[in-house]
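I have placed the structure first, in the form of structure tokens, so that the comments after it can refer back to it.
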Amino acid sequence: MRRADLTEPDTIGRPSKRLHVITWGCQMNVYDSGRMTDVLAPLGYAPSPVPDGADMVILNTCHIRDRATEKVFSELGRLRLLKERREAEGGRMVLAVAGCVAQAEGAEILARAPFVDIVLGPQTYHRLPEMVARAARAGGAVIETDFPPEQKFDLLPDVAAPQGITAFLTVQEGCDKFCSFCVVPYTRGAEASRPAVSVLAEARRLVAQGAREITLLGQNVNAWHGEAPDGGTWGLGRLIRELAEIPDLLRLRYTTSHPRDMDAELVAAHAEVPALMPFLHLPVQSGSDRMLAAMNRKHSAADYLGLIERLRAARPDLALSSDFIVGHPGETAADFDATLALVREIGFAQAFSFKYSPRPGTPAAGAPGQVAEAEKDARLQALQALLREQQAAFNGSCVGLSLPVLFTGAGRHPGQIAGRSPFLQPVHLAGPAELIGAIAPVKIGAALPNSLTGTLQTPTMQPQERASA
Ligand code: 5AD
Ligand code: SF4
């Protein structure tokens, strides 16, 4: 699990109240943390980079794998000391637990950590100001983990803090797939799509604030089927075509997708929309049909291979990423070999792989045939060795190419700038800061395990540009 502090030092002046947000988990959580910061801004809360002395701390949690709950309690133990110190100094620190652990374990959090003021599930962020007011009045804890009938999307404010050159935009939430191992349908609720008009408006706003690349987010983003401006329904392929028309929006991506929701229109968008980047994260989880059925994935290995073939026909340079789970209940050595075979057949540019971790309340948690930890470890190591090899081969295959790089910020060393290739690889090189926000061609000189370096190329001018220059 990643941990990202989203807060930045206040540069405008001393804020009246200071808000520190700690984010664990997926990009949806990173986005949600930004939106929680936005809804609290009108109440006078400005981001603080540290929890010490903050008036409010939000712990935005992830429940997808591992000892999620224990991790939350150990962080809460640390925050309790800061809260007590603040109170000893005559101040107050509102402590809120948000995200999927809050949704799944709200009552347990309040029982074990009664010093927590607010517990809020992912569907209730728009109600945060009211909860803060109630917590201040009541002095007792406020818990909101219902799935309210109203759409959270419609109720969040339009005004949002700028995200930078690369921005996230949530278009879809929740999941109806019920994979055997996964908590998402329980913590994030049923699938809901945001209307196209509101997505397009937020995209235009992000671009006006400087975004040049937007990643559309959703737990099941390609299941998006939002209301169209004419009252009909669009699919994600159509939405991407419309977004690509926004001037200065140079690049589009979307994540995370389910193979079953990859329709012909979306596949065609990969062929026809140049702004749609040739990189796709498409989780397969396993290469064994027996396991895919046990996982309730609703696709076979052959379905996935056929889909990849269609995608590669649409966009021959498409680089692929995936998620894998090893040691799902019932997985035999032969099932695992089928996963290795699928990986060899496809060739991934990068991938994430995990040991199965039982999530309370999900069907697989109580299923027979739980796999021994040592066996899971061995399988994970074997799979990761193969995936690492493929990632190195993919990065190596970029050496000598000229890739268009979108520059997103300063590099690690003075005089360096950093950006991203079309395939989402970080690229670092010597270059002028003026290029930040622009795309320039880079001749890739070397591949490191997780990034590329190279040299800037002077763009070759087209004859008509020369004539008019
Ligand atoms: N155990 C291990 N991995 C899991 N994932 C989801 N639930 C579990 C679990 N219980 C992985 C899947 C999913 C990714 C986000 O996390 O591979 O695609
Ligand atoms: Fe979880 Fe993704 Fe399956 Fe939905 S499709 S249940 S989010 S793994």
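Just the heavy atoms: all of them, side chains too, but no hydrogens, waters or symmetry mates, feed the values below. Both ligands and their constituent atoms are indexed starting at 1 by order of listing.
- Within the 4.0 Å heavy-atom criterion, the part of Phe181 lying near ligand 2 is the side chain and not the backbone.
- For Lys376 and Glu331, the salt-bridge test fails: no basic side-chain N is under 4.0 Å from an acidic carboxylate O.
- A donor and an acceptor atom, one from each side chain of His328 and Ser180, are located under 3.5 Å apart.
- Taking 4.0 Å as the cut-off between side-chain N and carboxylate O, Arg315 and Asp317 count as a salt-bridged pair.
- Proximity to Phe178 (heavy-atom distance under 4.0 Å) selects the following atoms of ligand 2: 6 (S).
- Counting heavy atoms of neighbouring residues, nucleotides and ligands inside a 6.0 Å radius, atom CD of Glu309 does not exceed 12 of them.
- Closest to atom 2 (C) of ligand 1 among all protein heavy atoms lies Lys355 O, 3.3 Å.
- Residue contacts with ligand 2 for Cys179 involve both N, CA, C or O and side-chain atoms from C-beta outward (heavy atoms, distance under 4.0 Å).
- The N/O atoms of Phe181, backbone and side chain alike, include one that comes under 3.5 Å of an N/O atom in ligand 1.
- Considering only non-hydrogen atoms, atom 7 (S) of ligand 2 lies nearest to Val184 out of Val184, Val183, Thr256.
- Among all protein heavy atoms, the one lying closest to atom 15 (C) of ligand 1 is Asp323 OD2, 3.7 Å.
- Between the side chains of Glu105 and His63, at least one donor-acceptor pair of N or O atoms lies under 3.5 Å.
- Of all the atoms in ligand 1, the ones that sit under 4.0 Å from a non-hydrogen atom of Gln285 are 12 (C), 13 (C), 17 (O), 18 (O).
- Salt bridge present: Glu202 and Arg35 bring a charged side-chain N and a carboxylate O closer than 4.0 Å.
- Salt bridge absent: Arg241 and Glu245 never bring a charged side-chain N and a carboxylate O closer than 4.0 Å.
- Annotation: atom 4 (Fe) of ligand 2 to nearest protein heavy atom, Cys175 SG, 2.2 Å.
- At a 4.0 Å heavy-atom cut-off, ligand 2 touches Pro185 through the side chain alone.
- Classification of Lys71 and Glu75 as a salt-bridged pair fails, no side-chain N sitting under 4.0 Å from a carboxylate O.
- A salt bridge between Arg253 and Glu213 is present, with a side-chain N of the basic residue lying under 4.0 Å from a carboxylate O of the acidic one.
- Here the heavy atom of the protein found nearest to atom 6 (C) of ligand 1 is Ile64 CG1, 3.4 Å.
- Taking backbone and side-chain atoms together, Cys182 has no N/O/S atom less than 2.8 Å away from atom 4 (Fe) of ligand 2.
- Under the 4.0 Å criterion applied to side-chain N and carboxylate O atoms, Asp32 and Arg188 are assigned as salt-bridge partners.
- Among all non-hydrogen protein atoms, the one lying nearest atom 9 (C) of ligand 1 is Ser357 O, 3.6 Å.
- Short contacts between ligand 2 and His258, defined as distances under 4.0 Å to a heavy atom of the residue, involve ligand atoms 5 (S).
- Under a 4.0 Å criterion applied to the non-hydrogen atoms of Arg65, ligand 1 contributes the atoms 1 (N), 2 (C), 3 (N), 4 (C), 5 (N), 8 (C), 11 (C), 14 (C), 15 (C), 16 (O).
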